[in-house]
Amino acid sequence: MSTGRHEASRRPLYRTLRWGRIAVSLAALAILTFGLTLSAGEIPGATRILARVQILPAVAGFSIVIFVAWLAVTLTFGRLYCSTVCPLGTVQDIAARLPRMSRRDSRPYRYSRPLQPMRYTVLVAVLGCLMAGFMTVPSIVDPYTAWERFCLACLRHIFGEPPLSAAAETASGDAFVPALTIAMSSVAGAVVAIATVCIVGALAARSGRSFCNTFCPVGTTLGIVSRYAIFQMDIDTDLCTNCRRCVDACKSSCIDIDDHIVDSSRCVVCFDCTDACRDNAIRYTPGRKQLSIPMMQQTDDSKLVES
Ligand code: SF4
Ligand code: SF4
Ligand code: SF4
């Protein structure tokens, strides 16, 4: 059985992991944004590398190695992709953070049930389009391509040099170039780029990672795998005081404190909950703790499925 003294030693580690992942996510967003927006000639190598490790463009371009590598990372550590290299994930974190910086308007999050029908409908639709070779829909809903389009179609026209050729400027490979070219070459395309970022940002400001856990096909795919991740967030009921601070802090709305369950399919491994918990009761661990009352141990996935 764990003790409070033992758990206290983990808090500095969790705090370091939290700030480390924030630093990595901000650096990745900055490298992508500045590289796509401000480069006068060739897109910088660091930007190109970050673009090439994005999941949906890799799948569309048949880069199976990238896809399998991310599946392996997710199966081990959970949805690190969503908390580090996805630019739209970091944009959502910033949009969610801004209205919550005021102490008078802290806007706590609340647990919500997963919207499985919506998640899987979008995923199946995107997979169907990919298999049919119809790239426009996947390129619109893909989070990386949405940010790339926003940088190339909007920010670059404002702050950088307008692209001479969409194909030459695209960093993510050739898979989405036709759709991206169409989007960039029209006013309607720019409107789509701005509207996508504004809608996702507004959703994030209101309810955290709701886009991630409702619409994003990449998030749904990773969520299927992260349910079985080796490392997951787990609540120690011997230490938990039901103070709900972790629930208030969880931007994925995935902590059901009434039943002491963390829905790992929606958890983006941000470590905000471990930082909020003063009793060290929520842990990132490879071994799920056996609860004090074994009958409370949740093994039935139906608990996480919307009724
Ligand atoms: S769920 Fe989608 S939009 Fe959200 S961080 Fe993950 S890949 Fe990006
Ligand atoms: S913050 Fe910690 S003690 Fe409070 S409800 Fe969450 S896990 Fe329990
Ligand atoms: S459970 Fe914790 S680590 Fe997971 S998304 Fe919520 S706050 Fe972040």
Side-chain angles (χ1 to χ4, degrees), residues 22 25-26 28-30 32-33 36-37 54 56 79 81-119 121-123 125-126 136-159 179-180 183-184 186-220 222-223 247-255 263 265-268 270 272-273 306:
I22 290 172
S25 65
L26 290 176
L29 179 65
L32 281 170
T33 304
L36 291 168
T37 303
Q54 303 292 329
L56 198 48
R79 287 169 59 177
Y81 175 86
C82 296
S83 57
T84 54
V85 301
C86 174
L88 213 53
T90 307
V91 167
Q92 288 177 80
D93 284 356
I94 294 169
R97 183 72 188 151
L98 289 177
R100 291 173 175 81
M101 293 182 85
S102 159
R103 280 182 181 270
R104 281 181 298 176
D105 185 16
S106 58
R107 297 191 190 203
Y109 297 109
R110 287 287 173 263
Y111 172 75
S112 63
R113 287 180 173 276
L115 298 174
Q116 306 291 45
M118 174 73 83
R119 296 171 90 184
T121 300
V122 174
L123 177 60
V126 168
T136 302
V137 170
S139 83
I140 288 174
V141 298
D142 171 46
Y144 169 73
T145 310
W147 188 248
E148 186 180 44
R149 186 185 302 114
F150 182 71
C151 291
L152 294 176
C154 302
L155 298 183
R156 192 172 176 88
H157 281 285
I158 298 170
F159 301 110
L180 201 58
M184 287 166 52
S186 66
V187 174
V191 170
V192 168
I194 294 170
T196 305
V197 172
C198 288
I199 291 170
V200 172
L203 276 173
R206 184 175 171 272
S207 53
R209 293 286 192 112
S210 50
F211 171 83
C212 290
N213 290 320
T214 308
F215 297 106
C216 180
V218 181
T220 303
L222 297 180
V247 181
D248 292 351
C250 181
K251 61 188 139 208
S252 292
S253 301
C254 67
I255 300 176
D263 178 1
S265 80
R266 288 182 289 160
C267 172
V268 293
C270 65
D272 288 354
C273 54
E306 187 184 31

Mind checking what makes side chain to side chain donor-acceptor pair (under 3.5 Å) contact with Thr33, not counting sequence neighbours?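 Side chain to side chain donor-acceptor pair (under 3.5 Å) list for Thr33, sorted by chain: Trp147.
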
Show your working on side-chain contact (heavy atoms from CB on, under 4.5 Å) between Asp263 and Arg113 and close with a plain yes or no. CA-CA 9 Å; Asp263 178 1; Arg113 287 180 173 276; over 6 Å; no

[atom1]-[atom2] distance between [X] and [Y], expressed to the nearest 0.5 angstrom:
X      : Y      : atom1 : atom2 : answer
Arg79  : Ser265 : CZ    : OG    : 7.0 Å
Cys86  : Gln54  : SG    : CD    : 6.0 Å
Arg119 : Cys216 : CZ    : SG    : 10.0 Å
Thr220 : Met118 : OG1   : CE    : 10.5 Å
Thr145 : Leu88  : OG1   : CG    : 10.5 Å
Tyr109 : Ile255 : OH    : CD1   : 12.0 Å

What is the minimum heavy-atom distance between [X] and [Y], and which atoms define it?
X      : Y      : result
Pro138 : Leu56  : O-CD2, 4.0 Å
Ser207 : Ser210 : OG-OG, 2.9 Å
Ser25  : Thr90  : CB-OG1, 3.4 Å
Val268 : Cys82  : CG1-CB, 3.8 Å

Evaluate the criterion side-chain contact (heavy atoms from CB on, under 4.5 Å) for residue pair Val85 and Leu32; output intermediate values, then yes/no. CA-CA 10 Å; Val85 301; Leu32 281 170; over 6 Å; no

Which pairs pass salt bridge (charged side-chain N to carboxylate O under 4.0 Å, His left out) with one or both residues in residues 82-95, sequence neighbours excluded?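 Residue pairs with at least one partner in residues 82-95: Arg21-Asp93, Asp93-Arg209, Asp93-Lys251.
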
Going by heavy atoms in the side chains, are [X] and [Y] under 4.5 Å from each other?
X      : Y      : answer
Ile94  : Leu26  : yes
Val91  : Leu29  : yes
Ser112 : Arg266 : yes

Show the atom names and distances, to 0.1 Å, of all donor-acceptor pairs under 3.5 Å that link a side chain in residues 196-206 to residues at least two apart or in another chain.
unit_1 : atom_1 : unit_2 : atom_2 : d
Thr196 : OG1    : Val192 : O      : 2.6

